[in-house]
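Note sheet for the following structure.
Chain A is the first sequence line, chain B the second, and so forth, proteins listed ahead of strands; every chain is numbered from 1. Hydrogens, waters and symmetry mates play no part in the numbers below; they use all other heavy atoms, side chains included. Here the structure is a predicted model, which means the values were calculated and not measured.
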There are 2 protein chains.
Amino acid sequence: MIYLARATIRDIAVKAGVSITTVSLVLNGKELRIASATKKKIIRIANELNYRPNQLAVGLITKKTNTIGLIVPDISNTFFGELAKGAEKEASSCAYNIILCNTNDNPDKDVEYLNILLDRGVDAVIMVPSANSADSMAKKCLTLMEQCQKPLVLVDRIKMGEKHTSISVDHEQGGYIATKYLIENGHTRIGCITGPLGMLNSRLRFLGYKKALKDSDIRFQAKYVEEGNYHVEDGERLAEGLFENKVTAIFAFNDLMAYGVYKAAAKLGCRMPEDISVVGFDDLFYSSIMEVPLTTIHQPSYEIGEAAVRRIAELVKDENTKKEAIIFKPKLIVRNSVQNINR
Amino acid sequence: MIYLARATIRDIAVKAGVSITTVSLVLNGKELRIASATKKKIIRIANELNYRPNQLAVGLITKKTNTIGLIVPDISNTFFGELAKGAEKEASSCAYNIILCNTNDNPDKDVEYLNILLDRGVDAVIMVPSANSADSMAKKCLTLMEQCQKPLVLVDRIKMGEKHTSISVDHEQGGYIATKYLIENGHTRIGCITGPLGMLNSRLRFLGYKKALKDSDIRFQAKYVEEGNYHVEDGERLAEGLFENKVTAIFAFNDLMAYGVYKAAAKLGCRMPEDISVVGFDDLFYSSIMEVPLTTIHQPSYEIGEAAVRRIAELVKDENTKKEAIIFKPKLIVRNSVQNINR
DNA sequence: CTGAAAGCGCTTACAG
DNA sequence: CTGAAAGCGCTTACAG
């Protein structure tokens, strides 16, 4: 009972006494005129032989592999894990598969993987560009994909517009509502731990922070701002300086750094939120189960992944699909890490 | 400057005035006898044209795609995220790519994805079977892979041995050392929140728990045992019953449920670890940054992913590679969630 | 030292 | 209603 080789279309043709053309036609439901007896016979035999088309052969000839490349900086980061999960789910439901590429935020890998994916005939790629990727790198990727006439969907850390679809939360608005919420709770000395300001998402959140201050006539002060690198350790290290500058609240540009603020507070005996309020960004799973659940800006990472694949499916079907950006609204998730200090 | 089509081996042959055979030979470094002038010319032209072989064509003919399927229950779970990251890194370093499949613990998906992966000509697959997958399901998968003569590496939730490689931490020993540690710290009324006992990893950890009790002449008591489903909510819900039974410590079979125990303790005003000690299993990233960092059993998920791909690379090169299991030693990570109650 | 030919497993005009 | 033929982009005996 051991079949070393899978049945091919030829095996079916031989067994059914017809040509492989006919088999192909029937199995793909292309020729409706074929005698229903022949049709039934072919289908029966295909089932008997457990026939499944070799997708390499199909892809080679149709120039379509039903395959999408997904390039992320770090799949073990919950944010990208959720994104991948959403993308995979949507892909699976349209008979696509995902080829996973993890760059560790190495910009060279962005291009390297893109080429490899193209070698494998992917129909499109979803890419979260590496943190330190120069704009020239993103351009290179876009050019590569354009030459092949294949969609590139840029996600989260978006560099430029126009010729491709980009998907992201509205980072600026996220920064704005996070800061606004702190202001509404009576805070005026609001520290800010940004992400790398070389990254657009970080610059946009920073813009939102400054805009919210301005709208409330609170003077922006550079001494309340520290540039982090999106890691827990940065949050911890940078929070200490902010504490010394007497901030009553800190807006950390991601949840990870917010956790770092928690650690710094614990180390220095600051109570949360009585002595120091914190708002994060991302809404990672952990944020809801902490002892002091973190108030944060929710990013719909799962939905972003879904949306990326959905847009690709549209793009592949109809090249004229508009390639404009998809912007998700950020949402403030109020939990317990902010103290109202209005009297 | 827009090339709609990628250069093919034929384009090179035409431009160099040689046959495609020669081009293929040179580019694959197969025929060393070829005139070095011809060789150089071909290589130069290939570079000029940015030639990259179409992997669909290569795969179709060589029956090897340098592609590995990875089937996991939930890629957004840090444990599997780390595993995927390790697998991807190792894959990338041997020029393999990973096709990601997410089953949401639906056993039917295990088989469905396996077939799809086979259609795509993967060289092997790494699978973490779904939680409720019956043994018959695992057998089906093994049979499928055997027929194609392709390695299947079963990871973490292992069903059966022999014909395939399985990779996992030693769950029983993990359960043993976790329990032993609590005993050494003076605990005798040790609650236990297991995973689904239908899953082998859970049964093994349970065995370790009972063995540790026995070795210390502590009577096993069923009332100290609750069966969970590896989710935070189970930990929280089941901990309450255990508290009522006056346990002084709880061994949760994964970190997620341990977090649930934390939540239950907070709700009931129990201090950690003064009133209740907890040990987890997995050593998720978050466990180290909690206010009361969790003492837990470390599972080397990244290394497991790496090992899976490394074994596959060996297996693909040499069919005679031994197919026995790879068992990682679990490691106790002592942090702050256990109180020593010896006087 | 190099090339013509067969073939991997399919799809798709085209012809009958 | 059905099939012969060409072809997708490669590799690999085989022949010279």
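- Ion pairing of R44(A) with E48(A) is present here, as a side-chain N (NZ or NE/NH1/NH2) and a carboxylate O approach within less than 4.0 Å.
- When the P atom of dT11(D) is taken as reference, atom CG of L60(B) falls 11 Å away, rounded to whole Å.
- For the pair I9(A) CD1 and dT12(C) C1', the computed distance is 12 Å after rounding to whole Å.
- Other residues, nucleotides and ligands place more than 12 heavy atoms under 6.0 Å from the NZ atom of K64(B).
- Put simply, CD on Q55(B) is 15 Å from C1' on dC8(D), counting in whole angstrom units.
- D105(B) approaches P73(B) most closely through the heavy-atom pair OD1-CB, 3.3 Å.
- One atom, CG of L25(B), and another, P of dC10(D), lie 15 Å apart when rounded to the nearest Å.
- Using a cutoff of 4.0 Å between basic side-chain nitrogens and carboxylate oxygens, D123(A) and K150(A) are not scored as salt-bridged.
- Between dT12(D), dT2(C), dC10(D), one nucleotide has an atom nearer to the side chain of T62(B) than all others, and that is dT12(D).
- D119(A) and P53(B) make their closest contact through CB-O, 3.9 Å (heavy atoms, listed as atom of the first residue, atom of the second, distance).
- The partner of dT2(D) is dA15(C), by the rule that a Watson-Crick or G-U pair needs both atom distances under 3.5 Å.
- If you take CZ of R6(A) and P of dC8(C), they are 16 Å apart, rounded to a whole angstrom.
- Comparing K63(B) and T21(B) by the nucleotide of DNA chain C that holds the closest heavy atom to each, the one mapping nearer the 5' end is T21(B).
- Across all strands shown, I20(A) has heavy atoms under 4.0 Å from base atoms, whether or not it also approaches the sugar-phosphate.
- The I61(B) side chain lies nearest to dC8(C) when the options are dC8(C), dG7(D), dG3(D).
- Distance CD1 (I42(A)) to C1' (dT2(D)): 10 Å, rounded to an integer number of Å.
- Summarising the geometry, the separation between NZ on K39(A) and C1' on dT2(D) is reported as 13 Å, rounded to the nearest angstrom.
- Taking only side-chain atoms of S24(B), from C-beta outward, the nucleotide of dC10(C), dT11(D), dG9(D) with the closest atom is dT11(D).
- Side-chain nitrogen and oxygen atoms of T38(B) include at least one within less than 4.0 Å of the OP1 or OP2 phosphate oxygen of dT2(C).
- With dG9(C), dT12(C), dG3(D) as the candidates, the nucleotide lying closest to the side chain of T22(A) is dG3(D).
- N54(A) has no side-chain polar atom (N or O) that falls below the 4.0 Å cut-off from OP1 or OP2 of dC8(C).
- Listed nucleotides: dA4(C), dG9(D), dT12(C). Nearest to the side chain of S19(B): dA4(C).
- When distances are taken from the side chain of K30(B) to each of dG3(D), dG9(C), dT12(D), the shortest belongs to dT12(D).
- Of all nucleotides listed (dC10(D), dC1(D), dT11(C)), dT11(C) comes nearest to the side chain of V58(A).
- In this structure, L56(B) atom CG and dT11(D) atom C1' are separated by 15 Å, rounded to whole Å.
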